[in-house]
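A short worksheet on the structure shown next.
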There are 2 protein chains.
Amino acid sequence: MVRTTRQRTAVAAVFDQLEGFHSAQEVHARLRAEGDTVGLSTVYRAVQALADDGELDSIRTDTGEALYRRCSTRHHHHLVCRSCGRTVEVEGPAVERWADRVADEHGFADVSHTLEIFGTCAACRDAAAPAG
Amino acid sequence: MVRTTRQRTAVAAVFDQLEGFHSAQEVHARLRAEGDTVGLSTVYRAVQALADDGELDSIRTDTGEALYRRCSTRHHHHLVCRSCGRTVEVEGPAVERWADRVADEHGFADVSHTLEIFGTCAACRDAAAPAG
DNA sequence: CGCGCATGTGAGAACCATTGTCAACTGCGA
DNA sequence: TCGCAGTTGACAATGGTTCTCACATGCGCG
């Protein structure tokens with residue numbers, strides 16, 4: 001049975017207030033800052049449980065760190081700025097179909113996929129090359 | 001200046017003999033097994049240098065572990081069996097174009113992307129449901 | 001060919017995100 | 001309210017990766 005505890009509610013609440021992706025460590029720090037003490041292990045367990053429930057979406061950074069965010073209702077992918085981490089949600093129905101078809105052609109079932117696009121956003125490019 | 005050393009040659013050679021993705025740890029173990037002792041740190045440095053040079057492609061597993069493989073001439077993605085780990089290379093020029101276009105539309109430059117498709121291959125499905 | 005030194009190496013420690021441990025705690029149904 | 005199974009949290013352990021630093025060596029130069 002899954003219980004509703006102060007800690008889980010607090011973790012879920014963080015993602016309600018936040019946009020974009022955040023690490024378990026960050027959530028933990030944020031709770032502490034708000035005076036809401038929740039153990040680090042508990043935060044990890046909570047975000048994993050939330051992700052299992054499909055309430056959070058997770059990706060991994062370049063360094064292998066796990067990031068989570070509130071899952072929106074529709075399936076989509078992410079365009080992430082390498083420099084500032086800004087994230088844009090993008091959709092591509094054609095890509096979804098393509099992935100399913102390719103998998104099917106190779107006899108694979110129960111198909112899922114991950115797709116992330118990385119680049120440098122305009123703001124960061126400007127910041128990096130201020131002189132021209 | 002970049003030097004050609006026994007160690008770097010050995011690491012590069014491993015990827016010549018191997019197909020698919022392999023971790024730095026695995027490369028290290030393989031070299032040891034061949035009697036070719038190369039330090040773990042050196043293997044890490046070598047694969048990173050190779051990846052920087054564009055000679056190796058890298059992805060991250062679900063657990064955050066970094067995997068590398070010899071970059072083939074053409075860009076492609078992977079269809080991976082969740083159960084047995086079998087990997088099939090797939091190409092989708094349309095996907096490439098879509099990713100570049102989407103990133104461009106949002107003002108992102110220097111674009112790259114990762115796309116992996118997961119599923120259960122026919123063999124594993126048969127093995128899992130022998131009676132049905 | 002031999003010198004010199006900047007670059008590379010490697011054993012082990014450090015790092016850091018994540019997971020495991022386990023005794024104490026607490027929702028929640030009865 | 002009671003009981004207990006799920007939950008918590010401080011801390012240790014894990015494991016991949018990076019750092020440190022003294023030693024080794026490729027390679028340009030003479």
Side-chain angles (χ1 to χ4, degrees), chain A residues 1-15 18 20-53 55-69 80 82 85 114 116 118, chain B residues 1-15 18 20-53 55-69 80 85 114 116:
Chain A
M1 179 214 327
V2 176
R3 259 183 228 170
T4 307
T5 64
R6 175 180 66 77
Q7 291 88 341
R8 279 180 204 185
T9 305
V11 169
V14 167
F15 285 99
L18 255 41
F21 285 93
H22 304 276
S23 68
Q25 300 274 354
E26 191 180 337
V27 170
H28 179 242
R30 192 170 288 264
L31 288 172
R32 289 239 118 134
E34 290 172 1
D36 211 340
T37 51
V38 177
L40 183 55
S41 310
T42 302
V43 172
Y44 272 100
R45 281 185 297 239
V47 294
Q48 278 165 11
L50 252 16
D52 280 351
D53 281 6
E55 286 198 52
L56 293 184
D57 224 359
S58 74
I59 61 172
R60 290 223 170 234
T61 65
D62 235 25
T63 62
E65 194 180 4
L67 302 183
Y68 302 84
R69 54 162 279 167
V80 185
R82 278 198 200 83
T114 66
E116 282 146 48
F118 299 96
Chain B
M1 184 211 325
V2 176
R3 262 182 227 169
T4 307
T5 63
R6 176 181 65 79
Q7 290 89 341
R8 278 180 204 185
T9 306
V11 170
V14 168
F15 286 98
L18 253 43
F21 285 94
H22 304 275
S23 67
Q25 302 273 353
E26 191 180 338
V27 171
H28 179 240
R30 192 170 288 265
L31 287 173
R32 288 238 119 133
E34 290 173 1
D36 211 342
T37 49
V38 177
L40 183 56
S41 311
T42 301
V43 173
Y44 273 101
R45 280 187 295 240
V47 294
Q48 279 165 11
L50 253 15
D52 280 351
D53 280 6
E55 286 198 52
L56 293 184
D57 224 359
S58 75
I59 61 172
R60 289 225 172 233
T61 65
D62 233 26
T63 62
E65 194 180 5
L67 302 183
Y68 301 83
R69 55 162 278 170
V80 185
T114 66
E116 283 144 47

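Side chains are part of it too, since the values below use all heavy atoms of this structure and drop only hydrogens, waters and symmetry mates. Reminder, nothing fancy here: chain letters follow the sequence lines and each chain counts from 1.
Contact annotation for B:Ser23: no contact, since no heavy-atom pair falls under 4.0 Å across all strands. When heavy atoms are screened at a 4.0 angstrom cut-off, A:Thr4 is found touching the sugar-phosphate backbone but no base atom.
When side chains are defined from C-beta on, A:Ile59 counts as touching A:Phe21, because their heavy atoms get closer than 4.5 Å. Contact check for B:Val47 versus B:Phe15: side-chain heavy atoms found under the 4.5 Å cut-off. When side chains are defined from C-beta on, B:Thr114 counts as touching A:Phe118, because their heavy atoms get closer than 4.5 Å.
The salt bridge (Lys or Arg N to Asp or Glu O under 4.0 Å) search around B:Asp36 returns B:Arg6, not counting sequence neighbours. Take B:Leu40 and apply the side-chain contact (heavy atoms from CB on, under 4.5 Å) test, not counting sequence neighbours, and it matches B:Gln25, B:His28, B:Tyr44. Taking the side-chain contact (heavy atoms from CB on, under 4.5 Å) definition, one finds that A:Arg30 meets it with A:Val14, A:Leu18, A:Glu26, A:Glu34, sequence neighbours left out.
Annotation: the span from B:Asp57 atom CG to B:Arg69 atom CZ amounts to 6.5 Å, rounded to 0.5 Å. In this structure, A:Leu56 CG and A:His22 NE2 are separated by 11.0 Å, a value rounded to the nearest 0.5 Å. Atom-to-atom distance recorded for B:Arg45:CZ and B:Asp52:CG is 14.0 Å, nearest 0.5 angstrom.
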Exercise. Please walk me through it: do B:Arg60 and B:Leu67 pass side chain to side chain contact (heavy atoms under 4.5 Å, CB included)?
Worked result: CA-CA 6 Å; B:Arg60 289 225 172 233; B:Leu67 302 183; over 6 Å; no

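Contacts with DNA chain C (heavy atom under 4.0 Å) in residues 38-53 of chain B: B:Val38, B:Gly39, B:Ser41, B:Thr42, B:Arg45, listed by number.
Here the side chain of B:Thr42 pairs no donor or acceptor atom with the backbone of B:Val38 at under 3.5 angstrom.
The interatomic distance linking A:Arg32 (CZ) with D:dG9 (P) rounds to 9 Å, in whole Å. Nucleotide D:dG16 holds its C1' atom 6 Å from the CD atom of B:Gln25, rounded to whole Å. Atom pair B:Glu26:CD and D:dG15:C1' shows a separation of 16 Å (rounding to whole Å applied).
First and last contacts of DNA chain C with chain B, using any nucleotide atom under 4.0 Å from a protein heavy atom and ordered 5' to 3', fall at C:dA6 to C:dG12.
At D:dG9, one or more side-chain N or O atoms of A:Gln7 fall inside 4.0 Å of OP1 or OP2 (strictly under the cut-off). For D:dT7, the OP1/OP2 oxygens have a side-chain nitrogen or oxygen of A:Arg8 closer than 4.0 Å.
Toward the 5′ end of DNA chain C lies the nearest nucleotide of A:Glu65, the other residue of the pair A:Glu65 and A:Thr5 mapping further downstream. Across the interface with DNA chain D, nearest-nucleotide mapping of B:Val2 and B:Ala24 shows B:Ala24 to be the residue nearer the 5′ end.
One end of the helix from C:dC1-D:dG30 to C:dA30-D:dT1 points its axis 30° away from the other end's axis, with each axis taken from 5 pairs and the angle rounded to 10°.
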